[in-house]
Structure formats: C-alpha cells, structure tokens
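Data block below; observations after.
Values below: every heavy atom of this structure, side chains too, minus hydrogens, waters and symmetry copies.
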Amino acid sequence: MSGSSDVLLSLSGVWKKFGGLTVTSDVSFDVPRGARMALIGPNGAGKTTIFNLISGFYEPTAGKIELEGRSILDYPSRKRIGLGIARSFQNIRLMPHLSVVENVMLGQQVHANSVLDMLKPLSLFGRSRWRAEAEALLEEMGLDTYPGEVVATLPYGVRKKIEVVRALAARPKLLLLDEPAAGLNGAETQSLTEFLKGISRSGVTLLVVEHDMGLVRELCDTAVVLNFGKKIYEGSTAHVQEDPLVLEAYLGPNHAKAAKSGASHVA
Amino acid sequence: MSGYWTGILTILAINVIMAYAIFLPVATGQLNLGGAGFQALGAYTAAYFSANYGLTVWLTLPLSILVGGAVGIAIALPLLRTKGVYLVLATFALAEVIGGAILNTEALGGAMGLSVPDYVDYPVPMGAAVLVTLFCFYLMATRFGLAMRAAHDDEVVTDLLGVSVRGVRVAAFAIGAALAGLAGALYAHSYSFVESQSFNATLSIYVLLYVLLGGTQTALGPLFGAVFFTLLPEVLRSILPEFKSWIVLAFGAGGNVSPPDESWRFVILGLLTVLMMIFRPEGLITRTLVDRLCSPFTPRRRVLREVAV
C-alpha cells in the first residue's frame, strides 16, 4: 500500500498537437486507485482530449500514459478496455437500434472474444450466461424495468445511466465519465450522483469531466483543473473555487479579483 | 403444381438466399452492390465442374459456397478499407469485372454460356432457402450478430468496447459472398444453363433493394423484402388487365380493351419503391415493429413515464 502501487493511472508530460494547434501541453497528474477525481476547466481546455488520449482515440505527441506502472500507448484503442479502461461519452453513444440488455452485453465483449463465445446464441434457446449477467447488472443498478426495450425510445437520463452500466459490464478498473450530468435536471443529477457513488464504493476508480460544480463537489474528492491545455490546479475539490488561477480561468482577471473579495462562486 | 408456380418458387428461393447474402454486409453498415458478381461466381463454378468433371449437384453446391466465400474474403480485405459511396462503387465495379472476365473466358463458354447437366427441381432451392433463413436468424442471435449490428450503429464505440470492427465486417461480407455463391449454384442447376448476361447490374440493384426496403435491422427484413418484391410483379401480372378495364370503364370508353403493356408492371413497382423510400426509409420491417408485434399488450408508454421521473 505504498508508493507507486497506489497509483492506478499516471500521465506525465503529455502533449497533444494537431498541426500547429497545441491542445494539451505538458499535462501530468496521477489518479490514485479507488479515487474519485474530477477533471474540470472551461470549454476547450482539453478535458475531452485527455480522455481521448487515455482511451486510445488519439496518440499523444509526447509524454507517457501508464496504467499500473505499464505504458498503455502501444495498445490500440480496441485493446485498452481489456486493460481495464472503460468510458462514457459526452453525447450518449449507445447503439440506438439495440435493446438495453444488448447494449450491456456489448459491454461484456472484452471478456467474450473467443470464436466459441462469438458463435454461441445469446438468447435463442433460453437465456445465455451473458444475458443473465447483463440483466443481473441492470437489476443491481436499478435499471431492470425495460431490458428488452430499444434504447432510442428511452428518456435521456435513463440512457445516460445505461451508458455507464455498459462500461461497467467490462468490469473496468478505471471508468472515464465525460460530462455525465450534462443535460440532466436537478433530480436526475441527484439520482446520478448516488448511482456513481455506488459504483465508486464497489471499487471502481472514477475520473470525471464535469461542468456541474455541485456534482463535482459532492462526488469527487480531488480535482485537476485545465485551462488552454495546461494544468493550473491539482488538489481537493473543497478549495478549488478559491484558487486564484482557477478563478481567473473561469471569470477573467478583473472579475476574478472582484469574486475573490466577495463571496466566491464559480460555474 | 404447374410449371409456372414451380418456376416462381425456384426464383423466390434464389432471391431469398441472395437477399441474405447482401443483408449480412449491410447489417454491419457496408452496402454491397456486387451481388450479381458473387452469384455469377457460384453459378459458373457449379456449371463448369458439373459440365467438365461430372460433379453432382451435392458436390457443386458446397464447392460454390467455398469459392464464393474464399473470393469474398480475398476481396473484402482490401475492399472494406473504402467506405460509403466508394464501397458501393467498388463492389459494383467488382461485379462488372467478374462478369467481363467470364464473358471473355473460352473455357466458360464466353458469350455462348454453359449448359449445366445435373437438373434440380424446386424443392432443392426451397430447402436451401429455408436453411439459409434459419442460419441467418441464428447468426443474428449470437454475439457475432450483436457485434455486426453494433458496428452498423457506431463503429468508433464498437471498437472501444473491444470488438474488431474490421474482422466482423470482413467475416460478414465473406459469409454473404458464400451465400451468393450458393444462390448462383442453385440458379445454374435449376435453369440448366448459365450466361454471364443473367448476372447483370439490374440483379445487383434489385437484391440490394429487397434488403433496404425489407429492412436491415432484423433478419426478418430481407426475407420479407425478397418475398414481397418477387411476388409483387406476379400479382400485378394477374390483376393489371382487370385494373386496366376498370380504368377504361371509369372513363366511359367502351369496346375492346387492348392487353396492358408488360412494362406497366415495372412502372408500378418503381412507384411503390419510391413511395416506400419516402415513407419508410428504414425499411418495412424495423426492430420496433417486431417488438410491438411480439408483445402487443405491453403498456410501453406507461413504463416510460414512470421512469422519466
């Protein structure tokens, strides 16, 4: 329980450039095992880029990304879920023509890649093991009302949760959540927060990109703040809104001073 | 049964198999407009080996499946690097190349065609069509089928979930090509004669239409599309003369009515096709339609509202 064994994911000196445009510059931070960490910053700060670098959608221009001390950069995006990295997306990206339980079964794919598993029917003659597992997971997450329903017909808030459950079906060590509360109302956000806390208690490490500071403070213990692709803050979520650099990033230099003297309130 | 109906059943069976051959790649999000080319491969494989080596139909059928599948894999590997309209053009061009190559090969009879010795009657193609249908329903119920549909919906996410999108697409394309080979062999033995002009672009287009208009989301779609569009011209053939005399009567013209021109059938067929594309672009049979028909008494709306809290 000491030193680097506590670190699940580690980014060091990560740069990403698209031609002349630098999207992240020299970003380094560690995500401890079991952490609930937020990745925040104004629009265009490079948060989603960091997610895309971790999940293998982009390759960093320079720098290292390690999971449990091993570099993951040699693994193509398809293999990273097998290392234990699963993610959700800013805009829900469930398969609209598949049912809820089929989407979740797709999440299990990484554990069912043999030819035999691919060719065994999932639900032709009774329930397969995979289907039973997917339904059990949905039940555990309180989403078992409509396993056979096609996803496109379901409410937004429910689809957001189902996307998280699909990622969980891969039994990941690290779950990347890209704006899980975007587009949700207050009650839905509250329900999602409890839902994510439950997932965290089951031992999954969370790295969350989120604009809703209420959710960030309630769910996450630590935060990394990015601005223009640079890390400007790393520390507890309780004090993030008092940090002068963070205030400046969100409000601009003049307003930040005013906010600092009065009651501080960001986002 | 009359020769007319056995003829219809034979062509229906071949069309159903062809529809599934094209459905499999389409279900993964890859349009294949080269169906006729793969059918020609199967037909000529069967014709050549039964004419020159005396193989029976029970040997030529599996042989044609193998040839179709092998060429399918060989072609899919480079071809599936292209996407969208380029893939459509590439598969179309491939069918033209196969047709052209056959036309210019002396051993395959060139423009004269080949006659095929071992005749099979309609039960063989019908039986094959039933087996192929069952096979495709099974395939779509497996994890492979799930991966196919996922690749169709969102290839980026499917990849991130650990599915080899390319592998799934190549496999689906190749299995489809093998089925098209089977359809070709059945064609050769049912008609006792093959010529490369039978496997033309119109055939490729029709088969793709069966699939797109029948619906690409479930294995029911291509079956329905193939049956509907094979039988519709026949139905029109029998009701068109009466239809024409009604119209003539409605306009108050008397006397003898000339028999309707054959081409009117295709005008109506084309019109129906356009109407379906406007009103039902996802095809006639969709996933939600099947769900609703399977459990008509599920109170879906209420379930939705309860959860939306």
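- Contact count against chain B (heavy-atom pairs under 4.5 Å) is highest for Pro96(A) among Pro96(A), Ala86(A), Ser191(A).
- Interface remark: Thr286(B) contributes no atoms to any contact with chain A (heavy atom separation under 4.5 Å).
- Scanning all heavy atoms of the two residues, the minimum distance from Asp291(B) to Gly148(A) falls at OD2-O, 3.9 Å.
- In summary, Glu179(A) and Lys47(A) do not engage in a salt bridge, as defined by a charged side-chain N under 4.0 Å from a carboxylate O.
- In this structure, Lys16(A) is positioned above the aromatic face of Phe18(A), its NZ or CZ under 6.0 Å from the six-membered ring centre and within 45° of the axis.
- Using a 4.5 Å cut-off between heavy atoms, Ala112(A) contacts chain B through both its backbone and its side chain.
- The candidate from Lys79(A), Met105(A), Gln108(A), Glu102(A) with the greatest count of non-hydrogen atom pairs under 4.5 Å with chain B is Glu102(A).
- For a residue to count as touching a neighbouring chain, one of its non-hydrogen atoms must lie under 4.5 Å from one of that chain's; by this rule Phe57(A) touches chain B with the side chain only.
- Lys83(B) and Glu155(B) are joined by a salt bridge, as a carboxylate oxygen and a charged side-chain nitrogen come within less than 4.0 angstrom of each other.
- If you measure heavy-atom distances from Ser99(A) to chain B, the contacts under 4.5 Å come from both the backbone and the side chain.
- The neighbour count for Phe92(B) CZ, taken as heavy atoms of other residues, nucleotides or ligands under 6.0 Å away, does not exceed 12.
- Residues Glu135(A) and Arg127(A) are paired through a salt bridge, judged by an N-O separation under 4.0 Å between the basic side chain and the carboxylate.
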List the steps, then state whether salt bridge (Lys or Arg N to Asp or Glu O under 4.0 Å) holds for Arg129(A) with Glu133(A). CA-CA 6 Å; Arg129(A) 173 170 81 87; Glu133(A) 261 179 36; 3.1 Å; yes

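- Looking at Arg93(A), both its backbone and its side chain come within 4.5 Å of chain B, counting heavy atoms on both sides.
- Only the backbone of Lys120(A) comes within less than 4.5 Å of a heavy atom in chain B; its side chain stays farther off.
- Taking chain A as the reference chain and counting heavy-atom pairs below 4.5 Å, the highest number among Gln217(B), His152(B), Met140(B) is found for Gln217(B).
- Among Leu98(A), Val150(A), Val110(A), the residue making the largest number of heavy-atom pairs under 4.5 Å with chain B is Leu98(A).
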